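Presented below is the structure to which this report refers.
Scope of the values below: all heavy atoms of this structure, side chains included, with no hydrogens, waters or symmetry mates. These numbers come from a predicted model, not from an experiment.
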Amino acid sequence: MVFLEAEMSWNVLISPSQLDRKGLLLRKAIIVRLLEDVTNRRASKEHGYYVAVSQLKAISEGKVRELTGDVLFPVSFTCITLKPMKGEVMVGHVDRILKHGVFLKSGPVESIFLAEKSMSDYKYIGGENAMFMNDHSKLEKDTAVRFKVLGFRWMEADRQFQLLATIAGDFLGPL
């Protein structure tokens, strides 16, 4: 996956109990809340998976919400992100094996499908420990696999990407 650095602007909500006259604890509360928000949002279609906040650029003046007393601070920051790209070669581990293909996981991406059709010389062998086998290797649960990304799509409901992969090509397949 490609690491990117993205300039972002989010609103951070701070409760009245976290407000401090000195400002130092307020800044700390804003940073902690920003890190929590980045972790909870996990990913976006535009930027990919959020890895880390690398730099806090600015904290603008807060606006008090009348009903709750919470304060909304507009914050701008730089974030390291990880986004899958078509044609990229990645390494993942076999998570599930089905008759029609294999599901892999790689880093934060939990849904990578390797279709049976893209594994032309592999044959499905069912049973309790299902696997795909050819003359030289086998794909079974937890096997490391080098694959190429054929395409991907963003799933808004799950806040993650789904990838379609292949092992057809030089130096691709089980490691």
So which heavy atom on [X] is nearest to which on [Y], and how close?
X: Arg41; Y: Trp10; answer: NH1-CE2, 2.9 Å
X: Lys83; Y: His47; answer: CB-O, 3.9 Å
X: Met8; Y: Tyr50; answer: CE-CE2, 3.4 Å
X: Phe147; Y: Val145; answer: CD2-O, 3.6 Å
X: Leu72; Y: Asn11; answer: CD1-CB, 3.7 Å
X: Lys141; Y: Ile97; answer: N-CD1, 3.8 Å

- From CA spacing to verdict: side chain to side chain contact (heavy atoms under 4.5 Å, CB included), Gln160, Tyr49: CA-CA 8 Å; Gln160 69 174 349; Tyr49 293 93; 3.4 Å; yes
Would you check if the side chain of [X] reaches a backbone N or O of [Y] as a donor-acceptor pair within less than 3.5 Å?
X: Ser9; Y: Ser76; result: no
X: Thr78; Y: Ser54; result: no
X: Ser106; Y: Val109; result: no
X: Arg146; Y: Val89; result: no
X: Arg33; Y: Ser15; result: no

- Rounded to the nearest 0.5 angstrom, the CD1-CG distance for Ile31 and Leu34 is 8.0 Å
- Point-to-point distance, once rounded to the nearest 0.5 Å, from CD of Gln55 to SG of Cys79: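 Reported to 0.5 Å precision, the distance equals 12.0 Å.
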Side-chain touch [X]/[Y], heavy atoms, less than 4.5 angstrom:
X: Phe152; Y: Glu88; value: no
X: Arg159; Y: Ser44; value: yes
X: Arg27; Y: Leu56; value: yes

Test of understanding: clusters of I, L, V, M, F, W, Y form through side-chain heavy atoms closer than 4.5 Å, transitively. Do [X] and [Y] belong to the same one?
X: Val71; Y: Leu13; result: no
X: Phe73; Y: Leu35; result: yes
X: Val94; Y: Phe113; result: no
X: Leu98; Y: Leu114; result: no
X: Ile14; Y: Val53; result: yes

Under 3.5 Å, which donor-acceptor pairs do the side chains of residues 116-133 form with other protein atoms, sequence neighbours left out?
{"residue": "Ser118", "atom": "OG", "partner": "Ala115", "partner atom": "O", "Å": "2.8"}
{"residue": "Asp121", "atom": "OD2", "partner": "Asn134", "partner atom": "ND2", "Å": "3.2"}
{"residue": "Tyr122", "atom": "OH", "partner": "Ser137", "partner atom": "OG", "Å": "2.7"}

- Message: Looking at Glu156, I'd like to know if its CD atom is crowded, meaning that more than 12 non-hydrogen atoms belonging to other residues, nucleotides or ligands lie closer than 6.0 Å.
- Response: yes
- Count the heavy atoms of every other residue, nucleotide or ligand shown that sit under 6.0 Å from CZ of Arg65, and state whether that count exceeds 12.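 Atom CZ in Arg65 is not packed in, count stays at 12 or less.
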Donor-acceptor contacts under 3.5 Å from residues 161-175 side chains, at least two apart:
{"residue": "Gln162", "atom": "OE1", "partner": "Arg153", "partner atom": "NE", "Å": "3.0"}
{"residue": "Gln162", "atom": "OE1", "partner": "Arg153", "partner atom": "NH2", "Å": "3.0"}
{"residue": "Thr166", "atom": "OG1", "partner": "Ala168", "partner atom": "N", "Å": "3.0"}

